[in-house]
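No experiment lies behind these values; they were computed from the predicted model shown. Here is the naming used below: chain letters follow the sequence lines, and residue numbers restart at 1 for every chain. Values below: every heavy atom of this structure, side chains too, minus hydrogens, waters and symmetry copies.
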Amino acid sequence: MPELPEVETIVRSLRKLTAGRRILKYHPLRNDYIHQGLEHRKKVTNSVIQEVERRGKYIAIHLSNNFSLLHHLGMSGRLLLQPGSDPLEKHTHLRILLDDGSVELRQRDPRRFGFAAILPSVELKTFVSWSHLGADPFRLRAPRFYALMAGRKQAVKSFLLDQRRIAGLGNIYTDEALFRAGIHPVRPTGQISSAEAGRLLQCIRTVLRESIVAGGSSTNDYQRLDGTLGLFQHKHRVYRRVGLPCPICHRKIEKLVLNGRSTHYCPGCQT
DNA sequence: ATGATTTCCTGTAGGC
DNA sequence: TGCCTACAGGAAATCA
């Protein structure tokens, strides 16, 4: 499930490997995977990739013709840069041919929770889910973070998963950050002190930064742009580690279900 | 307004 | 071996 570190890893590779290259063809294999702007698909031919931007878990590829390509990987989505001659893998919904077609960007997504879209760049800021995104965790300031949580009963983990509040966290990094901060996932946000909020924000940033360095977490479907696996799954302390000893207090990691999400925590360290 | 629940989708794992 | 069910979860829509 690509979250901020996985998407950031892909975006950094995209910047390095696709900037300045020309698009030969935008070729959807499943029209219903293109949630918006399918009618613009022929207009991107001959445009040049100028800039690749990440916001939360979204990827925006800005083109020279004032269009932007928007991508979300959902939970099983992959964006892969590969030779156009490679055999077409199952669940490939979109091909973006580059240069003379010898190289292409492919979006694969078995569960189809992700999507792609083509938008005039000026319309990106009115695209609902993009425009409603909350602050990037690296930019958010602690007092603002604390103010967002104050006075609410919502479980802190549910709050962290809400992309309109803070953008980019998913199930892995909420569990890992809450563990590092020593905060129980079900604690109401209103009961979190200013000091705890500051610590939590620091833990969020640290775990995200460490994961980016490791190229993200490959627990299920996630692969980097070149198809290799990320390495941060080996550093998880609680996520999917039910019954294994806590690295701090050695009590067994437990799991509960919160809003339909499996939630992993240490009953000793997190209060 | 807030927050919980349901829905979409398919590959994989486990039970019998 | 094969069939069945449960599970994984991002985010929009719906419900209480």
Among the clusters formed by ILVMFWY side chains lying less than 4.5 Å apart, do A/Ile183 and A/Leu201 turn up in the same one?
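The answer is yes; both residues are in one hydrophobic cluster.
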If we ignore angles and hydrogens, is there a donor and acceptor under 3.5 Å between the side chains of [X] and [Y]?
X: A/Tyr58; Y: A/Glu53; result: no
X: A/Gln82; Y: A/Glu89; result: yes
X: A/Thr263; Y: A/Lys157; result: yes
X: A/His62; Y: A/Ser68; result: yes
X: A/Asp109; Y: A/His93; result: no
X: A/Glu176; Y: A/His236; result: no
X: A/Ser211; Y: A/Tyr173; result: yes

Name the one of A/Leu80, A/Leu73, A/Thr92 that satisfies side-chain contact (heavy atoms from CB on, under 4.5 Å) with A/Gln107?
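Checked A/Leu80, A/Leu73, A/Thr92 against A/Gln107; only one passes side-chain contact (heavy atoms from CB on, under 4.5 Å): A/Leu73.
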Could you give the [atom1]-to-[atom2] distance, from [X] to [N], as a whole number of Å?
X: A/Leu256; N: C/dA8; atom1: CG; atom2: P; answer: 12 Å
X: A/Asn171; N: C/dA8; atom1: CG; atom2: P; answer: 9 Å
X: A/Asp109; N: C/dA11; atom1: CG; atom2: C1'; answer: 13 Å

Restricting to nitrogen or oxygen on both sides, can you table the protein-nucleotides 14-16 of chain C pairs closer than 3.5 Å?
none

With A/Asp136 as reference, evaluate A/Arg54, A/Lys57, A/Arg141, A/Arg144 under the salt bridge (Lys or Arg N to Asp or Glu O under 4.0 Å) test and give the passing residue.
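Checked A/Arg54, A/Lys57, A/Arg141, A/Arg144 against A/Asp136; only one passes salt bridge (Lys or Arg N to Asp or Glu O under 4.0 Å): A/Arg54.
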Candidate pair A/Asp175 and A/Arg237, rule salt bridge (charged side-chain N to carboxylate O under 4.0 Å, His left out), full reasoning:
CA-CA 9 Å; A/Asp175 283 2; A/Arg237 299 181 188 174; over 6 Å; no
Any non-hydrogen side-chain atom of A/Ser262 less than 4.5 Å from a side-chain atom of A/Asn171?
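A/Ser262 reaches A/Asn171 side chain to side chain.
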Regarding A/Tyr58, tell me which of base, sugar-phosphate or nothing describes its non-hydrogen contacts under 4.0 Å with the strands shown.
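Touches sugar-phosphate only.
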Counting the atoms with a prime plus P, OP1 and OP2 as sugar-phosphate, which does A/Tyr239 contact under 4.0 Å by heavy atoms, base, sugar-phosphate, or nothing?
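Counting heavy atoms under 4.0 Å across all strands, the contact made by A/Tyr239 is with sugar-phosphate only.
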Inter-axis angle, terminal five-pair segments of the helix from B/dT2-C/dA16 to B/dC16-C/dG2 [nearest 10°]
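Here the helix ends are tilted 50° relative to one another.
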Between the main-chain N or O of A/Phe127 and the side-chain N or O of A/Ser131, is there a donor-acceptor pair closer than 3.5 Å?
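Flag set: sc A/Ser131 to bb A/Phe127 pair under 3.5 Å.
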Output a table of nitrogen or oxygen pairs between the protein and nucleotides 5-7 of chain C separated by less than 3.5 Å.
none

Distance below 4.0 Å between A/Tyr173 side-chain N/O and C/dG10 OP1 or OP2
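Indeed not, no polar side-chain atom of A/Tyr173 lies that close.
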Looking only at side-chain N and O atoms, does A/His72 come under 4.0 Å of OP1 or OP2 in C/dG10?
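Looking at the OP1 and OP2 atoms of C/dG10, neither is under 4.0 Å from any side-chain N or O of A/His72.
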Per-nt protein contacts along nucleotides 5-11 of chain B (heavy atom under 4.0 Å; B base, S backbone sugar-phosphate only, - none) come out as B--BBBS
Looking at residues 152-164 of chain A, who's got a heavy atom less than 4.0 Å off DNA chain B?
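Here the set is A/Arg152, A/Lys153, A/Gln154.
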With a cutoff of under 4.5 Å between side-chain heavy atoms, which Ile, Leu, Val, Met, Phe, Trp and Tyr residues group with A/Val257?
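Same cluster as A/Val257: nobody, lone residue.
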Output yes when A/Glu104 and A/Lys25 qualify as a salt bridge under the 4.0 Å nitrogen-oxygen rule, no when they do not.
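A salt bridge is absent here (no side-chain N lies under 4.0 Å from a carboxylate O).
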Tell me whether the rings of A/His72 and A/Phe115 are parallel (<30°), tilted (30 to 60°) or perpendicular (>60°).
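Correct class here is parallel.
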